[in-house]
Student: 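Sharing a structure here in structure tokens format.
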Amino acid sequence: SELAVRGTPGKYRLPRPMIATGLDFSFSGLKTAVLSVLKNEKTNPADLARAFVDVIVEVLVAKCARAVEMTGITRLVVAGGVGANQQLRAALDAEGARRGFDVYYPEPELCTDNGAMIAFAAAFRIESGVRSHAFSVKPRWDLQH
């Protein structure tokens, strides 16, 4: 995102994967599109980074706004590593002001990778003597309920 700040907005048009559908999202098609641009065009890294960040921010803001609208909540909490992204924070704050919901973020230094947070929580459980970690996994849980 630091490189993206120096990029020109709109220089590259990348797809907005799943932006118009429910609350599910995937950025796998975006990765392919970036690779295609890199293969077929002479690129400015800052411009391509800007296009990439713009897509991620646009999709995440659209999904968050849709979730707020569907649920009627008035407070949105952004957690995990993505919460440190300044472009995302600015866009979510603007969308919240426009639609009437508040957005809360941890301090940037506390926005760590979700996998690291889960591993840290597991370490505490193991240290406290909890040995059972059985749970059922449903990789396609419906996010709309």
Side-chain angles (χ1 to χ4, degrees), residues 1-41 43-126 130 132-145:
S1 65
E2 289 177 18
L3 181 60
V5 171
R6 297 193 303 269
T8 304
K11 178 80 178 189
Y12 299 103
R13 179 74 183 158
L14 298 173
R16 271 68 178 152
M18 300 178 73
I19 195 164
T21 60
L23 298 177
D24 296 331
F25 58 91
S26 167
F27 294 110
S28 61
L30 179 59
K31 180 179 74 171
T32 302
V34 168
L35 288 173
S36 178
V37 169
L38 284 169
K39 263 194 211 172
N40 299 315
E41 298 181 37
T43 59
N44 174 321
D47 291 341
L48 189 55
R50 176 61 183 259
F52 184 82
V53 169
D54 287 350
V55 167
I56 300 292
V57 167
E58 185 179 337
V59 170
L60 291 178
V61 169
K63 297 294 183 172
C64 288
R66 187 171 297 124
V68 166
E69 184 179 307
M70 288 171 66
T71 62
I73 62 171
T74 59
R75 295 184 195 135
L76 176 69
V77 177
V78 177
V82 72
N85 184 283
Q86 294 302 311
Q87 294 95 319
L88 179 61
R89 286 178 177 231
L92 280 172
D93 287 343
E95 190 70 12
R98 191 174 77 75
R99 292 180 178 248
F101 63 88
D102 297 314
V103 187
Y104 298 89
Y105 314 89
E107 293 299 318
E109 62 271 10
L110 299 176
C111 294
T112 59
D113 179 80
N114 290 339
M117 291 188 289
I118 290 167
F120 191 66
F124 275 123
R125 286 178 58 101
I126 291 168
V130 175
S132 174
H133 305 290
F135 55 90
S136 62
V137 176
K138 292 175 79 178
R140 297 285 179 217
W141 273 340
D142 184 358
L143 298 176
Q144 296 187 31
H145 298 286

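Quick note: residue numbers are just sequence positions, from 1.
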Student: Among Ile56, Leu30, Thr32, whose side-chain contact (heavy atoms from CB on, under 4.5 Å) with Pro17 holds?
Tutor: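 With Pro17 as partner, side-chain contact (heavy atoms from CB on, under 4.5 Å) holds for just one option, Leu30.
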Student: Measure across Asp24 and Lys63 and return the closest heavy-atom pair with its distance rounded to 0.1 Å.
Tutor: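 Residues Asp24 and Lys63, closest heavy atoms: O-NZ, 2.8 Å.
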Student: Testing the basics here: between Glu69 and Arg99, what is the closest heavy-atom pair and its distance to 0.1 Å?
Tutor: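 So the minimum-distance heavy-atom pair works out to OE1-NH1, 3.1 Å.
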Student: Does the side chain of Phe27 reach to within under 4.5 Å of the side chain of Leu60, using non-hydrogen atoms?
Tutor: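 Yes, at least one pair of side-chain atoms sits under 4.5 Å.
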Student: Between Val78 and Pro106, what is the shortest heavy-atom contact and its length?
Tutor: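 Taking every non-hydrogen atom into account, O-CD, 3.0 Å.
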Student: So do Ser1 and Gln86 actually touch side chain to side chain, heavy atoms under 4.5 Å?
Tutor: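 Side chain of Gln86 against side chain of Ser1, heavy atoms only: no contact under 4.5 Å found.
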Student: Classify the side-chain pair Tyr105/Asp93 by whether it contains a donor and acceptor separated by less than 3.5 Å.
Tutor: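 A donor-acceptor contact under 3.5 Å links the two side chains.
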Student: So, Glu95 and Arg98, do they make that salt bridge, N to O below 4.0 Å?
Tutor: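 Counted as a salt bridge, because a side-chain N and a carboxylate O are separated by less than 4.0 Å.
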Student: Could you point out which residue of Val61, Val57, Leu92 forms a side-chain contact (heavy atoms from CB on, under 4.5 Å) with Gln87?
Tutor: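 Running side-chain contact (heavy atoms from CB on, under 4.5 Å) over Val61, Val57, Leu92 with Gln87 returns exactly one hit, Val57.
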Student: Output all residues satisfying ring pair (Phe, Tyr, Trp, His ring centres under 6.0 Å) with Phe52, sequence neighbours left out; order by chain, then residue number.
Tutor: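 Once residues adjacent in sequence are excluded, Phe52 has no partner under the ring pair (Phe, Tyr, Trp, His ring centres under 6.0 Å) criterion.
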Student: Please check if the number of heavy atoms outside Glu41 that lie under 6.0 Å from its CD is greater than 12.
Tutor: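 Counting other residues, nucleotides and ligands, CD of Glu41 exceeds 12 neighbours.
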Student: Yes or no on side-chain contact (heavy atoms from CB on, under 4.5 Å) for Ile73 and Phe101, after CA distance, side-chain angles and deciding distance?
Tutor: CA-CA 8 Å; Ile73 62 171; Phe101 63 88; over 6 Å; no
Student: If you take all heavy atoms of Thr21 and Arg66, which pair is closest and at what distance?
Tutor: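 Heavy atoms of Thr21 and Arg66 come nearest at O-NH1, 3.6 Å.
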Student: Applying salt bridge (Lys or Arg N to Asp or Glu O under 4.0 Å), which residue pairs with at least one partner in residues 11-22 are found, sequence neighbours left out?
Tutor: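 Every salt bridge (Lys or Arg N to Asp or Glu O under 4.0 Å) pair that includes a residue of residues 11-22, provided the two are not neighbours, is Arg16-Glu58.
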Student: State, to 0.1 Å, how close Ala4 and Arg50 come at their nearest heavy-atom pair, and which atoms those are.
Tutor: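 The answer is O-CD, 3.3 Å.
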Student: Mind listing the closest non-hydrogen atom pair of Leu3 and Pro45 along with its distance?
Tutor: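 Taking Leu3 first and Pro45 second, the nearest heavy atoms are CD2-O, 3.7 Å.
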